[in-house]
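The structure under discussion appears below in the form of structure tokens.
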2 protein chains.
Amino acid sequence: MAPKNKSPASQKVIAASPKVMATDGSSPAPKRQHKADAKVATAPAKPRPVTRIQREKQDIILEAALEVFSVHGFRGATIDQIAEVAGMSKPNLLYYFPKKEEIHRRLMSELLVTWLAPLEEMRADGDPFVEIRSYIRRKLEMARDFPRQSRLFANEMLRGAPHIIDMLEVDLKALVEEKAQVLLTWMDQGKISRTDPYHLIFSIWATTQHYADFDVQVRAILGKGRGGEGRFEDAARYLEQLFLHGLTPRPKG
Amino acid sequence: MAPKNKSPASQKVIAASPKVMATDGSSPAPKRQHKADAKVATAPAKPRPVTRIQREKQDIILEAALEVFSVHGFRGATIDQIAEVAGMSKPNLLYYFPKKEEIHRRLMSELLVTWLAPLEEMRADGDPFVEIRSYIRRKLEMARDFPRQSRLFANEMLRGAPHIIDMLEVDLKALVEEKAQVLLTWMDQGKISRTDPYHLIFSIWATTQHYADFDVQVRAILGKGRGGEGRFEDAARYLEQLFLHGLTPRPKG
DNA sequence: CAGATTTTTGACCAGTTGGAAAAATGTTAG
DNA sequence: CTAACATTTTTCCAACTGGTCAAAAATCTG
């Protein structure tokens with residue numbers, strides 16, 4: 001496997017998700033305009049000022065924002081903090097993201113995409129146990145490799161998900177319903193134990209993300225000995241046993 | 001300007017935990033002193049009123065603080081917000097808790113006690129399945145009845161638990177180690193499947209608290225139909241199956 | 001290279017924040 | 001009733017907040 005993680009690698013995480021550009025449509029055109037310059041009727045020939053520098057700086061900012069937002073939440077984080085982590089002045093940061101909320105929105109929409117990817121990969125035509133096992137693995141790897149994203153997500157949930165509630169109710173719900181259907185099919189076929197597919201998915205989310213969101217607690221309890229890097233391997237083994245053993249249909253006895 | 005009563009039921013939540021009174025060093029109410037005996041040289045006796053009113057107001061403040069801290073976290077919450085929810089002016093609130101941090105600290109230390117109680121109740125001399133099942137039930141009930149406490153705890157974890165890391169590494173760790181030992185004994189006796197007791201406990205925490213911390217997500221996915229009050233019953237049934245079925249030792253064959 | 005454009009910076013602002021001080025208003029024991 | 005103490009309110013403040021703006025600096029054009 002790839003027992004590597006750490007900050008430098010995770011740097012690209014968010015940007016490395018060119019999948020869908022969800023509901024954000026922010027044209028970062030920091031074009032300075034005078035009041036007199038009203039919008040032209042049809043502006044199709046809008047030059048895209050997305051220069052190299054702009055993209056780089058935006059990535060740096062988003063990375064810094066991830067660092068701060070994931071710890072303090074939206075309200076608790078300050079632009080100054082983010083700017084400092086990003087190594088630039090506050091006005092300079094605001095040149096790229098005129099609003100604090102905009103940074104967060106970008107982060108959230110990009111996050112959702114990467115966050116749902118593992119579940120999307122669960123194939124109906126695969127072997128149930130292999131698929132579920134792989135899904136758990138992938139989720140656990142994300143908790144290990146991208147803990148900040150996990151915490152960012154958790155922070156948003158705790159607040160009631162004001163910025164992404166729509167996406168949850170539409171995209172996420174649809175995806176989960178689809179996969180729940182897959183699980184139900186497997187159950188009907190007797191391939192896995194009959195149980196509630198929704199709560200099954202919830203429990204996989206909960207158990208895997210726990211190792212990112214409650215990392216401090218996990219470490220504190222496991223201590224120096226077992227709290228090291230190996231804890232994810234232990235967790236993987238345990239969760240596999242919990243879910244697969246639990247799902248194994250037992251011959252009536 | 002009428003301070004509006006919020007949820008009267010939830011008002012007493014924290015105070016309603018008469019369990020242990022932990023680490024908060026509220027010494028047994030020193031009566032009011034007259035100046036006569038106040039001037040004793042060796043009197044380190046701080047004037048600690050703790051009148052009835054004080055206790056009432058403090059409870060109101062703590063309740064309001066729970067409401068706000070559990071949503072916005074420590075940094076994101078403001079004293080003004082808390083004061084408004086508590087139905088008093090900011091300076092008035094500061095009269096009872098001179099520091100914002102102090103409110104949070106109180107909340108956290110009281111929380112830890114109630115939060116660990118369910119695990120403490122898991123008896124080594126009981127039937128393993130009954131004990132584990134009861135533990136899961138209790139934790140789930142707490143997620144259902146005291147979701148704000150759960151979120152307060154989660155918020156603290158996400159930040160790295162700066163205010164309670166010590167307690168985690170000492171009290172919590174000791175408790176978990178004790179109970180892990182109990183679980184190991186049961187495993188040795190062949191009463192439950194052999195597995196990692198620490199991660200087993202983690203997974204119970206994760207799955208149960210999920211229904212409080214990620215409540216928005218759960219509701220969004222289950223929709224109006226199954227997202228109602230019944231979701232906790234469904235969750236209880238599911239989790240019971242997951243853990244107990246998963247732990248049932250199967251006759252080898 | 002000049003000129004145009006993009007990026008960065010420093011000064012600044014209005015509103016919010018945690019908190020201090022003190023005056024004003026209860027409350028209560030004697 | 002009244003002094004002593006408890007509580008509340010009013011006023012204030014310095015630091016911080018998200019954000020603006022024009023000018024300076026850097027970069028990109030031809």
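Hydrogens, waters and symmetry mates play no part in the numbers below; they use all other heavy atoms, side chains included.
- Enclosure of atom CD in A:E84 is not indicated, since only 12 or fewer non-hydrogen atoms of other residues, nucleotides or ligands lie within 6.0 angstrom.
- Taking only side-chain nitrogens and oxygens, A:R75 never comes nearer than 4.0 Å to OP1 or OP2 of D:dG18.
- At the heavy-atom level, B:A83 lies nowhere under 4.0 Å from the strands shown.
- Between A:E56 atom CD and C:dT6 atom P the separation is 17 Å, expressed in whole Å.
- For C:dT7, the OP1/OP2 oxygens have a side-chain nitrogen or oxygen of A:Q54 closer than 4.0 Å.
- Contact check, B:K90 against D:dT10: no side-chain N or O comes under 4.0 Å of OP1 or OP2.
- Counting to the nearest Å, the C1' atom of C:dT17 and the CD atom of B:E84 are 15 Å from each other.
- When the C1' atom of C:dT17 is taken as reference, atom CD1 of B:I103 falls 14 Å away, rounded to whole Å.
- Contact check on A:E110 versus A:R106 returns a salt bridge, with a Lys/Arg side-chain nitrogen under 4.0 Å from an Asp/Glu carboxylate oxygen.
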Interface polar pairs with nucleotides 25-28 of chain D, N/O, under 3.5 angstrom:
none

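- For the pair A:K100 and A:F74, the cation sits on the ring face: its NZ or CZ lies under 6.0 Å from the ring centre, inside 45° of the axis.
- Contact check of residues 91-100 of chain B against DNA chain C (heavy atom, cut-off under 4.0 Å) returns B:P91, B:L94, B:K99, B:K100.
- Spacing between atom CG of B:D80 and atom C1' of D:dT9 amounts to 15 Å, rounded to whole angstrom units.
- Using a 4.0 Å cut-off between charged nitrogen and carboxylate oxygen, A:E63 and A:R148 count as a salt-bridge pair.
- Protein atom NZ of A:K57 is 9 Å distant from nucleotide atom P of C:dT7, rounded to whole Å.
- Comment: B:R219 engages B:D215 in a salt bridge, judged by a side-chain N to carboxylate O separation of less than 4.0 angstrom.
- One finds no side-chain N or O of B:R55 lying less than 4.0 angstrom from the OP1 or OP2 phosphate oxygen of D:dA6.
- B:Q209 and B:R151 form no side-chain donor-acceptor contact under 3.5 Å, judged by distance and modelled atom types alone.
- A straight line from NE2 of A:H104 to C1' of D:dG18 spans 16 Å, rounded to a whole angstrom.
- A salt bridge does not link A:E141 to A:R137: none of the charged side-chain nitrogens sits closer than 4.0 Å to a carboxylate oxygen.
- If you take CD1 of A:I82 and P of D:dG19, they are 10 Å apart, rounded to a whole angstrom.
- Residue A:S89 places at least one side-chain N or O under 4.0 Å from the OP1 or OP2 atom of C:dT9.
- Taking atom CD1 of residue A:I79 and atom C1' of nucleotide D:dT17, one finds them 8 Å apart after rounding to whole Å.
- The pair A:D166-A:K173 does not count as a salt bridge, with every side-chain nitrogen at least 4.0 angstrom from each carboxylate oxygen.
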Residue pair A:E156, A:R159: steps toward the salt bridge (charged side-chain N to carboxylate O under 4.0 Å, His left out) verdict
CA-CA 5 Å; A:E156 185 68 5; A:R159 286 199 307 153; 2.7 Å; yes
